[in-house]
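What follows is one structure encoded as structure tokens, with my remarks underneath.
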Amino acid sequence: MKPNYKDIKILEEIEIKLTRSLKAMQHSVLAKADKILKEKYRHHQYYQEYETSIHSLHGIIGSKNNTYVDSIRTQFVDPNDFIARWLQGLMENEEKRKNESRRYIVSNDISLLQDEEIREYTFLFLERNFYRNLMARTRVKPQDSLWKVWFGGGKFIWGLLIAPAFRNGSWTNDVSEIRRANYKYWTIGHVMSTGIIDPTVSKPMKFSNVDNLMDFYRSVLKRVSNSQYEQAIFDNYLKYIEKSKRVYDEPLLIPELRYAGLENNHQYRLDFTILNPHSMKYVGYELSPHSTHMAISGITQKTQVELNRELSSKWNKEMTKRNEYFSSFGITTITFTDEQLSDIDNCFKQIEITLKERINEKPNLNSQLETFKRIYCE
């Protein structure tokens, strides 16, 4: 999905404003930084002769972004969130250095940030960095196991990869592109950008528009299912997508998520799964396990002990399945019973709650700043 022109203009205006503020402070900040660093390294002739430049200062501030924060795996809500985590990472890194080094010397970052004006300049610099990399900073960063998901039954297996790359005869992710991807993971927009992966083909299956994708969903994914309940859920999801006003942001309702990926003889599949990048909630839905998973054949010929043993075995399998999906992917499983499935539309209403969920929780920069001042500035 291409960035909105108005959004680009807004970002340009933000950058101009922040750059103007930074330039207004540069002369004073550079003088202070130069004095602090020369005093710190006063016994080194090199530093007595060296003049701090704007490029070297920015190098000190910006070179540790991936050390202090995990930009590949972390989703930042806003600039304050990014700066708060950066500051927290700086302090944690400093504590680690202190514990591991017999000749501990305060880092340049700490030395400079002890000055209030340089600290203000640094936070403005990080704020500009945040907006320059807005999509990469604010997007959801899933756990590694969800960078590549496979779904479908039997030989009809499909993949949804975050940054698909076909290398050495198989599909993998281009890790360097994961945080730069210009779409929200596991959404309709994701599928429209990357396509769906056929593991036997070296090129993704692409769709020219959402209608074509929904035709594939209806004519291929839905038809593989033999369950009337599953087909009804498919139909309800298609109606849901048709009514959506922000269709690219809608999470894909993934059918038959495969626990063991491409392995043919894997143990588990979830009937439907939602990986919601907005709320970071991962929910799987099972339809009527009692009639399909807990049925016991030859019940009239079995003793009560035999029945109990078989029921216990089947129940253990169902619970193990739930636990495995949760521990490996963070997916919570919800089961619709036979009675609930008698009203399939109501079942989908519950699924719809997860599809629609949007959450934004902001961390507190002030608390991190107070911690920094207490440890390093008093």
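- Sparse packing is recorded around CD of E116, with 12 or fewer heavy atoms of other residues, nucleotides or ligands lying under 6.0 Å away.
- Side-chain contact between Y121 and L57 is present, with heavy atoms from C-beta onward closer than 4.5 Å.
- In this structure, the side chain of K40 engages the main chain of S107 through a donor-acceptor pair within 3.5 Å.
- Using a distance-only test at 3.5 Å, with no hydrogens or angles considered, a donor-acceptor pair links the side chain of Q231 to the main chain of S225.
- Taking CZ of F123 as the start and CD1 of I61 as the end, the distance is 10.5 Å to the nearest 0.5 Å.
- No hydrogens or angles considered: nothing links the side chains of E352 and Y237 as a donor-acceptor pair under 3.5 Å.
- Using the six-membered ring where Trp is involved, F216 and W158 have ring planes that are perpendicular, over 60° apart on the 30 and 60° scheme.
- A donor-acceptor pair under 3.5 Å links the side-chain atoms of K206 to the main chain of S193, judged by distance alone.
- For the residue pair G159 and W150, the shortest heavy atom distance occurs at CA-CE3, 3.2 Å.
- Look at R167 and D174 and you find a salt bridge, because one of the NZ, NE, NH1 or NH2 atoms lies within 4.0 Å of a carboxylate O, short of that distance.
- Donor-acceptor pairing under 3.5 Å is recorded for the side chains of Y68 and D109.
- The only option from K98, E94, R97 that meets the side chain to side chain donor-acceptor pair (under 3.5 Å) definition with Y104 turns out to be E94.
- Annotation: F166, atom CZ; neighbour count of heavy atoms from other residues, nucleotides and ligands within 6.0 Å is above 12.
- Taking all atoms of both residues into account, the shortest heavy-atom contact from T52 to D34 is N-OD1, 2.9 Å.
- A distance of 4.5 Å separates CG of N173 from CG of L161, quoted to the nearest 0.5 Å.
- The two residues W171 and P164 have their closest heavy-atom pair at CZ3-CB, 3.8 Å.
- The backbone N or O of L238 sits nowhere less than 3.5 Å from a side-chain atom of R218 that would complete a donor-acceptor pair.
- One finds a salt bridge joining K38 and E51 here, because a Lys/Arg side-chain nitrogen approaches an Asp/Glu carboxylate oxygen to under 4.0 Å.
- The backbone N or O of D249 sits less than 3.5 Å from a side-chain atom of H278, completing a donor-acceptor pair.
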Next item on the list: Before giving the answer on side-chain contact (heavy atoms from CB on, under 4.5 Å), spell out for Q26 and I54 the whole-Å C-alpha distance, their side-chain angles and the decisive distance to 0.1 Å.
Entry: CA-CA 8 Å; Q26 277 180 10; I54 192 63; 3.6 Å; yes

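- Residues H58 and F125 have side chains in contact (heavy-atom distance under 4.5 Å, counting atoms from C-beta outward).
- Nearest approach of L355 to N276, heavy atoms of both residues: O-ND2, 3.7 Å.
- Without hydrogens or angle criteria, S21 side chain to K17 main chain gives a donor-acceptor distance under 3.5 Å.
- In summary, the side chains of S219 and D215 do not present any donor paired with an acceptor at a separation below 3.5 Å, with no hydrogens or angles considered.
- Proximity of V283 to T273: side-chain heavy atoms (C-beta onward) are nowhere separated by under 4.5 Å.
- For W86 and F130, the gap between ring centers reaches or exceeds 6.0 Å.
- Residues F234 and L253 have side chains not in contact (no heavy-atom distance under 4.5 Å, counting atoms from C-beta outward).
- Without hydrogens or angle criteria, E95 side chain to E92 main chain gives no donor-acceptor distance under 3.5 Å.
- Using a distance-only test at 3.5 Å, with no hydrogens or angles considered, a donor-acceptor pair links the side chain of N133 to the main chain of N129.
- A donor-acceptor pair shorter than 3.5 Å cannot be found between the side chains of E286 and T335.
- Donor-acceptor pairing under 3.5 Å is recorded for the side chains of T354 and Y285.
- Between the side chains of N236 and K349, no donor N or O sits under 3.5 Å from an acceptor N or O.
- Between the side chains of E250 and T187, no donor-acceptor pair is found at a separation under 3.5 Å.
- When hydrophobic clusters are built by joining Ile, Leu, Val, Met, Phe, Trp and Tyr residues whose side-chain heavy atoms come closer than 4.5 Å, directly or via intermediates, I353 is not grouped with Y240.
- In terms of heavy atoms, V210 sits closest to Y248 at CG2-CE1, 3.8 Å.
- Looking only at side-chain heavy atoms (C-beta outward), F207 and V191 come within less than 4.5 Å of each other.
- Hydrophobic clustering keeps I105 apart from M91 (ILVMFWY residues linked when any side-chain heavy atoms are closer than 4.5 Å, directly or through intermediates).
- G195 and P204 make their closest contact through CA-CB, 4.4 Å (heavy atoms, listed as atom of the first residue, atom of the second, distance).
- In terms of modelled atom types and a separation under 3.5 Å, the side chain of R119 and the main chain of L113 share a donor-acceptor contact.
- Residues K64 and L90 have side chains not in contact (no heavy-atom distance under 4.5 Å, counting atoms from C-beta outward).
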Notebook entry, point to check: So R85 and D81, salt bridge (charged side-chain N to carboxylate O under 4.0 Å, His left out) or not? Walk me through it.
Noted result: CA-CA 6 Å; R85 292 175 190 264; D81 182 24; 2.7 Å; yes

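- By the 4.5 Å heavy-atom criterion applied to side chains, I162 and W147 are counted as neighbours.
- When the shell of 6.0 Å around CD of E242 is examined, it contains 12 or fewer heavy atoms from other residues, nucleotides or ligands.
- At least one side-chain heavy atom of N108 sits less than 4.5 Å from a side-chain heavy atom of Y41.
- For the pair K239 and D235, the salt-bridge criterion is not met [side-chain N within less than 4.0 Å of a carboxylate O].
- T19 and R128 share a side-chain donor-acceptor pair at under 3.5 Å.
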